[in-house]
Amino acid sequence: MKILSIQSSVAYGHVGNSAAVFPLQRLGHEVWPVFTVHFSNHTGYGAWRGPLLSPDDVREVIVGIEERGVLGEVDAVLSGYQGGAGIADVILDAVARVKAANPKATYTCDPVMGNAKSGCFVDPAIPPVIRERVVPRADLITPNQFELGFLTDTRPDTLESTLASADAAMAMGPSTVLITSVQRPDRPADTLEMMVVTGEGAWLAQTPYLPLKANGSGDVTAALFTAHLHETGSPAEALGRTTSSVFDLLKNTLDSGERELRLIASQDTFAEPRMQFEVTQVR
């Protein structure tokens, strides 16, 4: 595959493109990273340096790629954290250019806005733009449960309400919804779940809960699932592969005692997922 990935970049650590590109490359895919910011480190540290790139600068990079005559080779566009509201226009323009050149290309939107513990942590102008303009143009979205609720103005918590929220999200435009963290009250203690919903069904994978905050893990998840879904055509198999790789990445990070993802040390988990978790069809 060839993937155009429009995301943030950091010099130290692994978030945005600095998290997504290497796992995709380890799977054997060609990735064309376009940066929306280039920071010293992710903002979770509370302090960082480096530029927030202007929408015009980001657009210029994409136009330069187009001028090479290669946008028709792109199989998927991937976007994540948007540093400012103006980046949405650039992303949507890039998606339109790619799909004009290759109608079979897909667009994956990771609608990064916040989580249940922290609430929204992005510029207040960004969530409405993602909900009203970006998500309707996406083929695949990868929200966590909190973001899914915001996008659909619902309160997903049980399996049934989460499925209903995913259906509401698909009614907005996407054909596939990957909920990256499902925390329903009746799940077994000390577990976490990931679920994918399409018009053909819904599948759930459950893993042990790992007590760490891992910036960038959602970026890895969106990238891997996009690649596996393209490769296999099976939402269930893509979920199983992604869940296996991401869990092993997080376990390796937790065992290391380090704050940043052990991305390089975990590279074999991307190339050869252990498939250690059962994927259950729930609809």
(message) Nearest 0.5 Å, please: how far is OG in Ser217 from CZ in Phe247?
(response) 13.0 Å

(request) Using a 4.5 Å cut-off on heavy atoms from C-beta on, say whether the side chain of Pro23 contacts that of Leu263. (result) yes

(request) Look at Arg274 together with Asp248 and state whether they make a salt bridge at an N to O cut-off of under 4.0 Å. (result) yes

(message) Quick check against the 3.5 Å criterion: does Gln267 have a side-chain atom that pairs as donor or acceptor with the backbone of Ile264?
(response) yes

(message) Would a single hydrophobic cluster contain both Val95 and Leu71, if residues Ile, Leu, Val, Met, Phe, Trp and Tyr are joined by side-chain heavy-atom contacts under 4.5 Å?
(response) yes

(request) Taking all non-hydrogen atoms of both residues into account, name the closest pair between Ala271 and Leu27 and its distance. (result) CA-CD2, 4.3 Å

(request) With rounding to the nearest 0.5 Å, note down the distance linking SG in Cys109 to CG in Leu92. (result) 9.0 Å

(request) Decide side chain to side chain contact (heavy atoms under 4.5 Å, CB included) for Asn252 and Thr269; before the verdict, give the C-alpha distance in whole Å, the side-chain angles of both, and the deciding distance to 0.1 Å. (result) CA-CA 10 Å; Asn252 290 344; Thr269 72; 4.3 Å; yes

(message) Can you confirm whether Asp255 is buried at CG, in the sense that more than 12 heavy atoms of other residues, nucleotides or ligands lie under 6.0 Å from that atom?
(response) yes

(request) With rounding to the nearest 0.5 Å, note down the distance linking CZ in Arg137 to OG in Ser79. (result) 11.5 Å

(message) Please tell me whether Thr142 and Asp110 have a donor and an acceptor in their side chains that are separated by less than 3.5 angstrom.
(response) yes

(message) So for atom CD, which belongs to Glu272, do other residues, nucleotides or ligands contribute more than 12 heavy atoms lying within a distance under 6.0 Å?
(response) no

(message) Restricting to non-hydrogen atoms, name the atom on Thr152 and the atom on Ser165 that form the minimum distance, rounded to 0.1 Å.
(response) CG2-O, 3.4 Å

(message) Between Met275 and Arg241, is there a side-chain heavy-atom distance shorter than 4.5 Å?
(response) yes

(message) Within the structure provided, determine whether Leu192 and Gln206 are in side-chain contact (heavy-atom separation under 4.5 Å).
(response) no

(message) Does Lys251, at its NZ atom, have more than 12 non-hydrogen atoms belonging to other residues, nucleotides or ligands within less than 6.0 Å?
(response) no

(request) Report the relative orientation of the aromatic rings in Phe39 and Trp48; use parallel for angles under 30°, tilted for 30 to 60°, perpendicular for over 60°. (result) tilted

(message) Between Ile179 and Phe150, is there shared hydrophobic-cluster membership here, with clusters defined by ILVMFWY side-chain heavy atoms closer than 4.5 Å?
(response) yes

(message) Between Asp190 and Leu210 (side chain of the first, backbone of the second, donor and acceptor by atom type, cut-off under 3.5 Å), is there such a pair?
(response) no

(message) For a quick check under 3.5 Å, do His38 and Ser9 share a side-chain donor-acceptor pair by atom type?
(response) yes

(request) Give the intermediate values and the outcome of side chain to side chain contact (heavy atoms under 4.5 Å, CB included) for residues Val70 and Trp32. (result) CA-CA 11 Å; Val70 294; Trp32 303 341; 3.7 Å; yes

(request) Specify the closest pair of heavy atoms between Pro55 and Ile87, including all atoms of both residues, with the distance to one decimal. (result) CA-CD1, 4.0 Å

(request) Heavy atoms only: give me the nearest Met113-Ile130 pair and the separation to one decimal. (result) CG-CD1, 4.0 Å

(message) If the threshold is 4.0 Å, N to carboxylate O, is there a salt bridge linking Asp153 and Arg131?
(response) no

(message) Treating Ser245 as the side-chain partner and Thr242 as the backbone partner, does any N or O pair qualify as donor plus acceptor under 3.5 Å?
(response) no

(request) Evaluate the criterion side-chain hydrogen bond (donor to acceptor under 3.5 Å, both in side chains) for residue pair Ser8 and Thr36; output intermediate values, then yes/no. (result) CA-CA 5 Å; Ser8 59; Thr36 55; 5.1 Å; no

(request) Before accepting this row, confirm whether a basic side-chain N of the pair Asp89/Arg59 lies closer than 4.0 Å to the acidic partner's carboxylate O. (result) no

(message) For a side-chain hydrogen bond (donor to acceptor under 3.5 Å, both in side chains) check, start with the C-alpha distance between Thr158 and Ser161, then their side-chain angles and the critical distance, and finish with the verdict.
(response) CA-CA 5 Å; Thr158 65; Ser161 63; 3.0 Å; yes

(request) Classify the side-chain pair Gln145/Thr162 by whether it contains a donor and acceptor separated by less than 3.5 Å. (result) yes

(message) Going by the rule ring-ring contact (aromatic ring centres under 6.0 Å, His included), which residues pair with Tyr107 if we only count those two or more places apart in sequence or in a different chain?
(response) none

(request) List the steps, then state whether side chain to side chain contact (heavy atoms under 4.5 Å, CB included) holds for Thr198 with Trp203. (result) CA-CA 9 Å; Thr198 73; Trp203 296 266; 3.8 Å; yes

(message) With side chain to side chain contact (heavy atoms under 4.5 Å, CB included) as the criterion, how do Leu249 and Val220 come out once you've worked through the C-alpha distance, each side chain's angles and the decisive distance to 0.1 Å?
(response) CA-CA 10 Å; Leu249 168 63; Val220 175; 4.1 Å; yes

(request) Say whether Val90 and Ile65 are linked into one hydrophobic cluster, either directly or through other cluster members, by side-chain heavy-atom distances under 4.5 angstrom. (result) yes

(message) For Arg259, I'd like to know if atom CZ has over 12 heavy atoms of other residues, nucleotides or ligands within 6.0 Å.
(response) yes

(request) Please report the shortest heavy-atom distance between Val197 and Ala202, naming the atom on each side. (result) CG2-CB, 4.0 Å

(request) Evaluate the side-chain proximity of Thr176 to Pro235: yes if any heavy-atom separation is below 4.5 Å, no if none is. (result) no

(request) State the OG1-CG distance between Thr253 and Leu212, to the nearest 0.5 angstrom. (result) 6.5 Å

(message) Under a 3.5 Å cutoff, is there a donor and acceptor pairing between the side chains of Thr232 and Ser234?
(response) no

(request) Ignoring hydrogens and angles, state whether a donor on the side chain of Ser181 or Asn144 is under 3.5 Å from an acceptor on the partner side chain. (result) no

(message) When you group the ILVMFWY residues by side-chain heavy-atom contacts below 4.5 Å and let the links chain together, are Phe270 and Leu239 in the same group?
(response) no

(request) Just say parallel, tilted or perpendicular for the rings of Tyr12 and Tyr45, cut-offs at 30° and 60°. (result) tilted

(message) Is there a side-chain contact between Met194 and Thr221 in this structure, where contact means two heavy atoms from C-beta onward sitting under 4.5 Å apart?
(response) yes

(message) Could you tell me if the side chain of Leu151 sits less than 4.5 Å from the side chain of Pro111, heavy atoms only?
(response) yes

(request) Evaluate the side-chain proximity of Arg184 to Met195: yes if any heavy-atom separation is below 4.5 Å, no if none is. (result) no

(message) Between Glu30 and Lys2, does any NZ, NE, NH1 or NH2 come within less than 4.0 Å of an OD or OE carboxylate oxygen?
(response) no

(message) Hydrophobic clusters here meaning ILVMFWY residues chained together by side-chain heavy-atom distances under 4.5 Å, can you tell me if Leu148 and Leu204 are in one?
(response) yes

(message) Please report the interatomic distance CD1(Ile6) to CG(Leu78), rounded to the nearest 0.5 Å.
(response) 8.5 Å

(message) Could you report the tightest heavy-atom contact between Met170 and Ser175, atom names first, then the distance?
(response) SD-O, 3.5 Å

(request) Using side-chain contact (heavy atoms from CB on, under 4.5 Å) as the criterion, list what pairs up with Thr106, not counting sequence neighbours. (result) Ala76, Asp139, His230

(request) Taking the side chain as every heavy atom from C-beta outward, state whether Arg262 and Glu260 have any pair of such atoms under 4.5 Å apart. (result) yes

(request) Check whether any side-chain N or O of His42 sits under 3.5 Å from a backbone N or O of Val15 as a donor-acceptor pair, and report yes or no. (result) no

(message) I need the Asn215 CG to Leu261 CG distance, nearest 0.5 Å.
(response) 8.0 Å

